[in-house]
There are 2 protein chains.
Amino acid sequence: MSSAPLAVTQRLGYLLKHAQLRLAELAEPLYAPLGVTGRQLALLTLFGDGPARSQQDGAARLGVDRTTMVALVDELEAKGLVRREVAPGDRRKRLVLLTPEGERVREAGTEVTRKAEALLLEPLSAEDAERLRAALHQVVRAE
Amino acid sequence: MSSAPLAVTQRLGYLLKHAQLRLAELAEPLYAPLGVTGRQLALLTLFGDGPARSQQDGAARLGVDRTTMVALVDELEAKGLVRREVAPGDRRKRLVLLTPEGERVREAGTEVTRKAEALLLEPLSAEDAERLRAALHQVVRAE
DNA sequence: TATTGTTATACTCTATAACTATA
DNA sequence: TATAGTTATAGAGTATAACAATA
């Protein structure tokens, strides 16, 4: 156990926050032409991937409150990118489904996300970049 | 270039955000007995490390607005952990200096931060943990 | 004129509480 | 009774604009 000063710029909290800020900085200009924010694209990715999910299910996976999810889905619905559908079998639940336009935006967004991530990871070798993603995944998995 | 789905939980934005959430979850209970938040401890680390800094200098390093820094320093001053001092040579600037109590909290906080980081990094080997920190540092440095 | 600190203000993000409808 | 979605509201956190002191 060393007792070096551990300057603020070496702390994981600082590094994670600033990596995130930098990623957002790189990605948002690329998302803008698609007419969506990074947040909205994340929602499209979430609801467009795999079997249909309810709002609550989506909220749980994204780690946000269900009241927050209502507003997020409202935004996407207003843009015509998703629609709500009563879940067959449980009329309390609303499935969130991508419209054809939503599907197009999701696909374009996926490409753009790749590009932004590549820009962020540019200073790393391909191997180190993969290790970074794997390490973060392991650390988060433990939730 | 693969075109796999890149599920939302594999995106760097998601991973960075959730790693940060998890770190905060682990760290805050440890900070609480010290009477400070993680944010406040980061400030103490920033201003307690190296030569005295002005508020503006600190704000720039932390990546926050200077008006935000005013409020943050106010908090620490109210707790008696720092004091402001007019900078010799430029009377517009206020240096932020740790009080003896602030110094004590900073030292205790450093230990606690190490502990929280260790908890977060638990699933990784020591080598992978170091690689993670190094990779984040490289990626952020490019700012 | 420009910069530092400050205040007032507004905006974004998010959660809590209370309601409706379904189960 | 409990759950899903919704609404209204309030609390963080942060930034923009305008001002005083100093350069």
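Values in this document were obtained by computation on a predicted structure and should not be read as measured data. Just so we're on the same page: letters track the sequence lines, and every chain starts at 1.
- Between B:Glu103 and B:Arg106 there is a salt bridge, since at least one side-chain N of the basic residue sits less than 4.0 Å from a carboxylate O of the acidic one.
- Between B:Asp65 atom CG and C:dT3 atom P the separation is 15 Å, expressed in whole Å.
- Toward the 5' end of DNA chain D, the nearer of the two residues A:Lys17 and A:Ser54, judged by each one's closest nucleotide, is A:Ser54.
- The side chain of B:Thr68 approaches D:dT14 more closely than any other nucleotide in the set D:dT14, D:dG5, C:dG5.
- A salt bridge between B:Glu130 and B:Arg133 is present, with a side-chain N of the basic residue lying under 4.0 Å from a carboxylate O of the acidic one.
- Straight-line distance from the CZ atom of A:Arg84 to the C1' atom of C:dA21: 15 Å, rounded to whole Å.
- Classification of B:Glu85 and B:Arg83 as a salt-bridged pair holds, one side-chain N sitting under 4.0 Å from a carboxylate O.
- Here the P atom of nucleotide C:dG5 and the CD atom of B:Glu77 are 13 Å apart, to the nearest Å.
- Here D:dG5 is the nucleotide among C:dT22, D:dG5, D:dA15 with the atom lying nearest to any side-chain atom of A:Arg66.
- Within the 4.0 angstrom heavy-atom criterion, only backbone atoms of the sugar-phosphate kind lie near A:Arg94; the bases stay farther away.
- Comparing D:dT14, C:dT16, D:dT22 by their nearest atom to the side chain of B:Arg91 picks out D:dT22.
- Atom pair A:Met69:CE and D:dG5:P shows a separation of 10 Å (rounding to whole Å applied).
- When only modelled atom types and interatomic distance are considered, B:Arg84 and B:Gln55 share a side-chain donor-acceptor pair under 3.5 Å.
- For the pair A:Asp90 CG and D:dT3 P, the interatomic distance rounds to 12 Å; values are reported in whole Å.
- In the interface, the side chain of B:Thr67 is paired with the base of D:dT16 through a donor and an acceptor atom under 3.5 Å apart.
- Between the side chains of A:Tyr14 and B:Thr45, not a single donor N or O lies within less than 3.5 Å of an accepting N or O.
- Mapping A:Ala71 and B:Val70 onto DNA chain C via the closest heavy atom, the residue that lands nearer the 5' end is B:Val70.
- Spacing between atom CZ of B:Arg83 and atom C1' of C:dG5 amounts to 18 Å, rounded to whole angstrom units.
- Distance CD (B:Gln56) to P (C:dT3): 9 Å, rounded to an integer number of Å.
- The A:Arg92 side chain lies nearest to C:dA23 when the options are D:dT6, C:dT7, C:dA23.
- Distance B:Asp57 CG to C:dT3 P: 15 Å, rounded to the nearest Å.
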